[in-house]
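Nothing fancy with the numbering, it's 1 onward along the sequence. Quantities reported herein were computed from a predicted structural model and do not represent experimental measurements.
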Amino acid sequence: MAQHNAFYAQSGGVTAVINASACGVIEACRQAPDQIGKVYAGHNGIIGALTEDLIDVTQESDESISALRYTPGGAFGSCRYKLKDIDTHRAQYERLIEVFKAHDIRYFFYNGGGDSADTCLKVSQLSEKLGYPLTAIHVPKTVDNDLPITDNSPGFGSVAKYIATSTREASLDIASMCATSTKVFVLEVMGRHAGWIAAAGGLAGEGEGEPPHLIIFPEVSFNRKAVMARVDESVKKYGYCVIVVSEGARYEDGTFLADAGNTDAFGHRQLGGVAPTLAGMIKQDLGYKYHWAVADYLQRAARHLASKTDVEQAYAVGREAVTLALAGKNSMMPAIRRISQTPYQWDVISAPLSQVANQEKFMPRDFISESGFDITQACRDYLSPLIQGEDFPPFENGLPKVAKLKLAKVEQKLPKFTL
């Protein structure tokens with residue numbers, strides 16, 4: 001088999017472990033020198049390919065690549081940029097193929113969520129139409145845990161661990177002060193359409209009356225009267241109330257509680273501020289003193305509290321992506337399969353991108369309690385293994401060490417391209 005180059009890029013919101021997948025991809029490529037020559041990374045995701053802004057990963061040391069495994073963020077830069085349909089934006093797809101041809105790139109690894117899977121699929125389809133052999137493999141990643149087929153999405157386990165831990169720790173703070181001070185605490189977490197991250201907050205409590213006392217999911221229509229009644233009941237019964245609310249909480253008609261009024265690059269409604277919105281309702285309806293917090297980037301950047309399971313799975317799907325490519329598989333995604341619950345065992349299988357792209361996996365109804373405000377035992381059983389184990393990064397001078405990359409740019413060969 002002839003030797004050709006590979007391209008890797010990161011897309012969408014980054015996670016605490018996306019670089020572990022990058023590490024898996026790059027290390028696997030380096031172990032196949034007969035088939036893969038250089039590895040190039042797109043600077044700022046797919047934009048790097050379109051603008052021929054490539055990073056020569058070959059110049060990074062083995063030690064630097066290994067350090068990616070414990071470094072959060074996106075080492076090569078990510079982006080929110082969705083390639084639209086081929087018919088109306090054919091020039092962009094043709095530009096990608098031109099760049100790949102110019103740099104002898106025959107392997108395309110795109111690390112992201114559902115929209116990235118769609119891009120990967122379209123690039124594969126166009127390369128076939130244009131007669132340019134390109135093997136395109138999607139590397140799964142999303143804190144939202146909403147990719148289909150895969151049991152869970154790399155990136156989610158660490159967010160779940162962070163949210164469960166933060167909910168428990170903040171609850172102890174509120175409980176210690178509630179007699180004379182704050183009665184209600186609201187924690188806003190990510191999750192536009194799926195309540196997986198909010199559900200993880202439910203792991204903080206293990207028995208009757210333990211917080212969180214309410215979880216507000218996107219999958220359950222928000223009923224202000226019912227929510228206020230539950231808050232009031234919790235304060236009167238336990239002295240305080242802890243709420244975990246998804247940013248995607250919505251009314252029965254689909255309207256978000258906190259809609260910023262615009263859209264992002266993927267066409268999604270920009271959300272934010274559901275915690276203060278909900279806290280304001282509580283103040284208005286019940287008069288309780290409150291505090292609220294937004295986990296925001298902290299929840300997806302907390303590599304210091306990453307789940308060991310998540311780190312191992314993120315690395316494994318990165319390596320398996322290369323294995324699939326070298327085996328001649330195309331338009332595929334390595335997916336995690338849960339083999340057994342007790343003991344927890346998993347492996348990596350492959351899934352066709354045609355069944356992954358633009359699909360969302362929501363919380364099953366039997367994972368949400370009958371009241372709509374809590375998780376069930378089935379949900380707890382599903383979530384619990386994903387937060388197990390610690391994989392602390394090395395620390396230096398009291399702070400976590402991170403990878404320091406050269407990020408050497410590749411000489412451009414083509415005319416400039418305007419997005």
Enquirer: What donor-acceptor contacts under 3.5 angstrom involve side-chain atoms of residues 124-136, with partners at least two apart or in another chain?
Expert:
unit_1: S124; atom_1: OG; unit_2: N330; atom_2: OD1; d: 3.4
unit_1: S124; atom_1: OG; unit_2: N330; atom_2: ND2; d: 3.4
unit_1: S124; atom_1: OG; unit_2: S331; atom_2: OG; d: 2.7
unit_1: S127; atom_1: OG; unit_2: V123; atom_2: O; d: 3.4
unit_1: S127; atom_1: OG; unit_2: S124; atom_2: O; d: 2.8
unit_1: Y132; atom_1: OH; unit_2: F100; atom_2: O; d: 3.2
unit_1: Y132; atom_1: OH; unit_2: I105; atom_2: O; d: 2.7
unit_1: Y132; atom_1: OH; unit_2: R106; atom_2: NE; d: 3.4

Enquirer: Please assess H4 against D104 for the test side-chain hydrogen bond (donor to acceptor under 3.5 Å, both in side chains), listing each intermediate value before the final yes or no.
Expert: CA-CA 6 Å; H4 298 286; D104 190 27; 2.9 Å; yes

Enquirer: Rounded to the nearest 0.5 Å, what separates atom CD1 in I336 from atom CG in L386?
Expert: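 Atom-to-atom, I336:CD1 and L386:CG are 8.5 Å apart.
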
Enquirer: Sequence neighbours left out, what pairs pass salt bridge (Lys or Arg N to Asp or Glu O under 4.0 Å) with at least one residue falling in residues 35-58?
Expert: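 Passing the test, one end in residues 35-58: K38-D56, D53-K409.
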
Enquirer: Is the count of non-hydrogen atoms from other residues, nucleotides or ligands lying under 6.0 Å from Q377 atom CD greater than 12?
Expert: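 Enclosed.
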
Enquirer: Restricting to side-chain contact (heavy atoms from CB on, under 4.5 Å), what partner residues turn up for V14, sequence neighbours left out?
Expert: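 side-chain contact (heavy atoms from CB on, under 4.5 Å) check on V14 returns I18, S78, R300.
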
Enquirer: Verify whether one side chain among S116 and T119 offers a donor that lies under 3.5 Å from an acceptor in the other.
Expert: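 No, no side-chain donor-acceptor contact under 3.5 Å.
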
Enquirer: In terms of ring plane angle, is the pair Y382 and W196 parallel, tilted or perpendicular, where the classes change at 30° and 60°?
Expert: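 Plane angle between 30° and 60°, so tilted.
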
Enquirer: The test is salt bridge (Lys or Arg N to Asp or Glu O under 4.0 Å); show your working for E206 and R168 and say whether it passes.
Expert: CA-CA 10 Å; E206 297 176 344; R168 176 173 286 187; 3.4 Å; yes

Enquirer: If we ignore angles and hydrogens, is there a donor and acceptor under 3.5 Å between the side chains of N19 and Q10?
Expert: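 Present: a donor and an acceptor within the cut-off.
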
Enquirer: Within a 6.0 Å radius of atom CG on D253, are there more than 12 heavy atoms belonging to other residues, nucleotides or ligands?
Expert: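 Above 12, so yes.
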
Enquirer: What pairs with E390 under side-chain contact (heavy atoms from CB on, under 4.5 Å), at least two apart in sequence or on another chain?
Expert: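 side-chain contact (heavy atoms from CB on, under 4.5 Å) check on E390 returns K161, F392.
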
Enquirer: Might you work through the side chain to side chain contact (heavy atoms under 4.5 Å, CB included) test for R69 and Y315, ending with a clear yes or no?
Expert: CA-CA 8 Å; R69 187 168 173 136; Y315 180 77; 3.2 Å; yes

Enquirer: How far does CG of L68 sit from CZ of F76, to the nearest 0.5 angstrom?
Expert: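 L68 CG to F76 CZ: 5.5 Å, rounded to 0.5 Å.
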
Enquirer: Taking ring pair (Phe, Tyr, Trp, His ring centres under 6.0 Å) as the test, write out the residues that go with H291, two or more places apart.
Expert: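 Applying ring pair (Phe, Tyr, Trp, His ring centres under 6.0 Å) to H291 gives none.
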
Enquirer: Given side chain to side chain contact (heavy atoms under 4.5 Å, CB included), test K361 with H193 step by step and report yes or no.
Expert: CA-CA 9 Å; K361 178 177 68 178; H193 299 134; over 6 Å; no

Enquirer: For D347, which residues count as a salt bridge (Lys or Arg N to Asp or Glu O under 4.0 Å) partner, sequence neighbours excluded?
Expert: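 Applying salt bridge (Lys or Arg N to Asp or Glu O under 4.0 Å) to D347 gives R337.
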
Enquirer: Please list, chain by chain and in numerical order, all residues satisfying side-chain contact (heavy atoms from CB on, under 4.5 Å) with P393, sequence neighbours excluded.
Expert: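 By the side-chain contact (heavy atoms from CB on, under 4.5 Å) rule, P393 matches Y70, R303, F395, P400.
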
Enquirer: Applying ring pair (Phe, Tyr, Trp, His ring centres under 6.0 Å), run through Y8 and F109 and close with a yes or a no.
Expert: CA-CA 5 Å; Y8 167 81; F109 302 105; 7.7 Å; no

Enquirer: Are the side chain of R95 and the backbone N or O of L50 linked by a donor-acceptor pair below 3.5 Å?
Expert: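 Yes; at least one donor-acceptor contact below 3.5 Å.
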
Enquirer: Could you list the residues that satisfy side-chain contact (heavy atoms from CB on, under 4.5 Å) with S66, not counting sequence neighbours?
Expert: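 With neighbours one apart ignored, the set is E27.
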
Enquirer: Among residues at least two apart in sequence or on other chains, which ones pass ring pair (Phe, Tyr, Trp, His ring centres under 6.0 Å) with Y240?
Expert: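 Residues passing ring pair (Phe, Tyr, Trp, His ring centres under 6.0 Å) with Y240: H213.
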
Enquirer: Under a 4.0 Å N-O cut-off, is there an ion pair linking K329 with E320?
Expert: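 Result for this pair is no, no salt bridge flagged.
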
Enquirer: Less than 3.5 Å apart, any donor N or O on the side chain of Y81 or Q92 sitting next to an acceptor on the other?
Expert: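 Yes, Q92 and Y81 have a side-chain donor paired with an acceptor closer than 3.5 Å.
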
Enquirer: List in chain and number order the residues that pass ring pair (Phe, Tyr, Trp, His ring centres under 6.0 Å) with Y251, two or more places apart in sequence or in another chain; answer none if no residue qualifies.
Expert: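 Residues passing ring pair (Phe, Tyr, Trp, His ring centres under 6.0 Å) with Y251: F222.
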
Enquirer: Which pairs count as side chain to side chain donor-acceptor pair (under 3.5 Å) when at least one residue sits in residues 149-158, sequence neighbours excluded?
Expert: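 Non-adjacent pairs meeting side chain to side chain donor-acceptor pair (under 3.5 Å): D151-R338, N152-Q313, S158-D310.
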
Enquirer: Looking at residues at least two apart in the chain, or sitting in another chain, which of them share a salt bridge (Lys or Arg N to Asp or Glu O under 4.0 Å) with E396?
Expert: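 E396: no salt bridge (Lys or Arg N to Asp or Glu O under 4.0 Å) contacts found.
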
